[in-house]
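Report on the structure given below.
Chain letters run A, B, ... following the sequence lines, proteins first, then strands; residues in each count from 1. Values below: all heavy atoms of this structure, side chains included; hydrogens, waters and symmetry mates excluded.
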Amino acid sequence: MRPRKSVKKNTSDDKTARVVRAIRAIPAGKVSSYGAVARAAGWAGAARQVVQILRKVHGLPWQRVVGSGGAIKLPGESGAEQRIRLRMEGVTFRGARVDMKQHEHKFGRSRRKSKG
DNA sequence: AGGGTGACGATCA
DNA sequence: ATGATCGCCACCC
């Protein structure tokens, strides 16, 4: 038997693809954290890789990914811009952090369409 | 191959 | 809340 390819690869590219999908799944007005995105992509513990992907892949709603607890981790002006962008999307803050109670995005579990 | 690094995260003081 | 530490993972020299 040769290794099953179509089951689940785990190349860096595939993981990246999953992270990208997770990030793109965050709607405007919502945010998620680096760690949460990593887990949603089936890659627990890869918060730092989420950052790398965030920097590498262009066209992502990067402002919607914040630190644990809603902290803005981007330094300097970039951080200021992130706040502005989020506020423009309707995200509210609780001091220096995003009000996660209201804006934390919950990722779905590969849900099939359900009957209503 | 080994060591330094980073938009991290959880924990401890 | 702040600062130090340790764990984590891939990337870069």
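A/Q52 places its CD atom 8 Å from the P atom of C/dC12, with the value rounded to the nearest Å. Note: CD1 (A/I53) to P (C/dC9) measures 14 Å, nearest angstrom.
Applying the ring-ring contact (aromatic ring centres under 6.0 Å, His included) definition to pairs two or more places apart or across chains, those involving residues 64-107 of chain A are A/H105-A/F107.
Of the residues in residues 54-80 of chain A, not one places a heavy atom less than 4.0 Å from an atom of DNA chain C. Taken residue by residue, residues 28-41 of chain A places heavy atoms nearer than 4.0 Å to DNA chain B at A/S33, A/Y34, A/G35.
Qualifying side-chain hydrogen bond (donor to acceptor under 3.5 Å, both in side chains) partners for A/Q49, counting only residues two or more places apart in sequence or in other chains: none. With sequence neighbours left out, the salt bridge (charged side-chain N to carboxylate O under 4.0 Å, His left out) criterion links A/R85 to A/E81.
In terms of heavy atoms, A/A40 sits closest to A/A22 at CB-CB, 4.3 Å.
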#### Entry: Pair A/V66-A/K73, side chain to side chain contact (heavy atoms under 4.5 Å, CB included): steps then yes or no
CA-CA 7 Å; A/V66 299; A/K73 307 294 281 194; over 6 Å; no

### Query
A/L86 and A/I72: side chain to side chain contact (heavy atoms under 4.5 Å, CB included), yes or no, with the steps?
CA-CA 11 Å; A/L86 289 176; A/I72 298 298; 4.2 Å; yes

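Put simply, OG1 on A/T92 and CD on A/Q102 are 4.5 Å apart, with the number rounded to the nearest 0.5 Å. In this structure, CD1 on A/I53 lies 6.5 Å from CD1 on A/I23, to the nearest 0.5 angstrom. Distance check, rounded to the nearest 0.5 Å: CH2 of A/W43 to CG of A/D14 gives 10.5 Å.
Side-chain contact between A/Q82 and A/W62 is present, with heavy atoms from C-beta onward closer than 4.5 Å. Taking 4.5 Å as the limit, every side-chain heavy atom of A/R94 sits out of range of all side-chain heavy atoms of A/K101.
In 5' to 3' order, the nucleotides of DNA chain B bounding all contacts with chain A (an atom under 4.0 Å from a heavy atom) are B/dG6 to B/dA10.
Map A/R97 and A/S12 each onto its nearest nucleotide of DNA chain C; the residue landing nearer the 5' end is A/R97.
Comparing B/dA7 with C/dC13, their C1' atoms sit 22 Å apart, to the nearest whole Å.
Using a 4.0 Å cut-off, some side-chain N or O of A/K15 falls inside it from OP1 or OP2 of C/dA10.
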